[in-house]
Asker: 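Here's a structure for you.
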Protein chains: 2
Amino acid sequence: MVHCKARLDATFAALSDVTRRGVLEQLGDSDASITDLAQRFRMTLTGMKKHVSVLEQAGLVITEKVGRVRTCKLGPRRLEEEAAWIERHRQLWSARFDALDELIEHLKRKE
Amino acid sequence: MVHCKARLDATFAALSDVTRRGVLEQLGDSDASITDLAQRFRMTLTGMKKHVSVLEQAGLVITEKVGRVRTCKLGPRRLEEEAAWIERHRQLWSARFDALDELIEHLKRKE
DNA sequence: TTTACAGTGAACCAAATGGTTCACTGTAAA
DNA sequence: TTTACAGTGAACCATTTGGTTCACTGTAAA
């Protein structure tokens, strides 16, 4: 469960960078090499490699090196945990706003 | 739309810290002052104030200072954008895995 | 067998992050 | 009117982050 917190940390951190979200979008479209990605995002090979490593660390991307090219593709994680976290909090939010709505209704009826 | 990217950045960054997620959970339960939160998370007032500012910046929390105490509560944003982003990518993921499943099925039938 | 190319790792850099202390302001309570 | 308390801002600090360059390895192509 501590483990789980750390993973949420890693995943949300990975998603907090616009370049990395872009890489995920790209990989949703088709697999790509480090060179492909570096070109598309106008960045050094080394720089892109780091981003890919972050995504890989978070389990969002998997890579395989064959010959001299490393191919990146979307990983097996489907963001279930993150979706669940957000959904849970949407419910908290909603509950509170609903309560507010009810209160307002109540006050209205009282007048 | 650039605006939107920046907001996703800010929100995911805000969510990438375990303390800040904890604060959101707490505020889902009940409103709290900076002092309350600082105590609960064993942190300086100043430190907690910074976290709250980050959450406020991302629109996840709103605060109001009356007298000398600043009360924090969940903000009007309900993480719709973030949920949408994640959902969209869950679909991308799923589509790719479904395609893989189909390929496997196809290969099986061929044998 | 050269030569060119994809990636990698180390070293470096500036900026951001997560935290502290300390001095201060403003408000509430005695 | 003291005094205590909640918050704030500035300054500082260590670590992380997002990026670079440069030297290197290994593989593919000529």
Side-chain angles (χ1 to χ4, degrees), chain A residues 2 5-27 30-75, chain B residues 2 5-27 30-75:
Chain A
V2 170
K5 281 180 195 172
R7 197 153 81 169
L8 276 179
D9 275 15
T11 307
F12 282 130
L15 294 180
S16 75
D17 184 275
V18 69
T19 300
R20 283 191 296 258
R21 285 200 306 276
V23 167
L24 289 179
E25 305 236 7
Q26 168 60 37
L27 295 183
S30 69
D31 297 349
S33 68
I34 305 279
T35 299
D36 292 340
L37 295 171
Q39 272 168 357
R40 181 171 308 257
F41 294 93
R42 288 139 213 272
M43 193 175 299
T44 319
L45 274 181
T46 312
M48 181 49 71
K49 175 70 183 348
K50 282 195 188 180
H51 279 308
V52 168
S53 296
V54 170
L55 290 168
E56 205 172 5
Q57 196 72 20
L60 298 172
V61 158
I62 55 179
T63 72
E64 192 193 9
K65 189 169 182 180
V66 33
R68 54 183 179 177
V69 18
R70 175 175 300 278
T71 301
C72 311
K73 52 190 88 183
L74 292 183
Chain B
V2 169
K5 279 180 197 173
R7 198 151 81 166
L8 276 180
D9 275 15
T11 308
F12 282 129
L15 295 180
S16 75
D17 183 276
V18 69
T19 300
R20 283 190 297 258
R21 286 200 307 277
V23 168
L24 289 179
E25 305 235 7
Q26 168 60 36
L27 295 182
S30 69
D31 297 349
S33 68
I34 306 279
T35 299
D36 292 341
L37 296 171
Q39 273 169 356
R40 182 172 307 259
F41 294 94
R42 287 139 213 274
M43 192 175 300
T44 318
L45 274 180
T46 312
M48 181 49 71
K49 174 69 181 348
K50 282 196 188 179
H51 279 307
V52 168
S53 297
V54 171
L55 290 168
E56 205 172 5
Q57 195 72 21
L60 297 172
V61 158
I62 55 178
T63 72
E64 190 193 8
K65 189 170 183 179
V66 32
R68 53 183 179 178
V69 18
R70 176 176 299 279
T71 302
C72 312
K73 50 189 89 184
L74 292 183

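Below, chain A is the first sequence line, B the second, and so on; all start at residue 1.
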Asker: Sequence neighbours excluded and cut-off under 3.5 Å, please list the side-chain donor-acceptor pairs for residues 55-72 of chain B, or say none.
Answerer:
from	atom 1	to	atom 2	distance (Å)
B:Glu56	OE2	B:Thr63	OG1	2.9
B:Thr63	OG1	B:Arg70	NH1	2.9

Asker: Check salt bridge (Lys or Arg N to Asp or Glu O under 4.0 Å) between A:Arg21 and all other residues, then give those that pass, not counting sequence neighbours.
Answerer: B:Asp9
Asker: If you take any heavy atom closer than 4.0 Å to DNA chain C, which residues from residues 41-52 of chain B end up in contact?
Answerer: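 Correct list: B:Met43, B:Thr44, B:Thr46, B:Gly47, B:Lys50, B:His51.
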Asker: For B:Arg20 and B:Leu24, what are the C-alpha separation, side-chain angles and deciding distance, and is it a side chain to side chain contact (heavy atoms under 4.5 Å, CB included)?
Answerer: CA-CA 6 Å; B:Arg20 283 190 297 258; B:Leu24 289 179; 5.9 Å; no
Asker: Quick one: list whatever passes side chain to side chain contact (heavy atoms under 4.5 Å, CB included) with B:Ala13, sequence neighbours left out.
Answerer: A:Ser16
Asker: Can you pull out every side-chain hydrogen bond (donor to acceptor under 3.5 Å, both in side chains) where at least one residue sits in residues 40-50 of chain B? Sequence neighbours excluded, please.
Answerer: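 Every pair satisfying side-chain hydrogen bond (donor to acceptor under 3.5 Å, both in side chains) with a residue in residues 40-50 of chain B: B:Gln26-B:Arg40.
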Asker: So if I define the base as every atom that isn't primed, P, OP1 or OP2, how would nucleotides 24-30 of chain C read as a B/S/- string at a heavy-atom cutoff under 4.0 Å?
Answerer: --BBS--
Asker: For the NE2 atom of B:His51 and the OG1 atom of B:Thr19, what is their distance to the nearest 0.5 Å?
Answerer: 4.5 Å
Asker: How many whole angstroms separate atom CG of A:Leu37 from atom P of D:dG19?
Answerer: 13 Å
Asker: Can you see which heavy atom on B:Leu27 is nearest to which on B:Ala32, and at what distance?
Answerer: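 Minimum heavy-atom separation between B:Leu27 and B:Ala32: CD2-N, 3.8 Å.
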Asker: Output all residues satisfying salt bridge (Lys or Arg N to Asp or Glu O under 4.0 Å) with A:Asp36, sequence neighbours left out; order by chain, then residue number.
Answerer: none
Asker: Could you state the atom-to-atom distance from CG of B:Asp9 to C1' of C:dT17 in whole Å?
Answerer: 15 Å
Asker: For A:Ile34 and C:dG9, what is the distance between atoms CD1 and C1' respectively, to the nearest whole Å?
Answerer: 14 Å
Asker: How many whole angstroms separate atom CD of B:Gln57 from atom P of C:dA16?
Answerer: 13 Å
Asker: What integer distance in Å separates A:Glu64:CD from C:dT8:P?
Answerer: 13 Å
Asker: Taking Watson-Crick (N1-N3 plus N6-O4 or O6-N4) and G-U wobble (N1-O2, O6-N3), each under 3.5 Å, can you produce the dot-bracket string of DNA chain C? Use [ ] for crossing pairs and | for inter-strand ones.
Answerer: ||||||||||||||||||||||||||||||
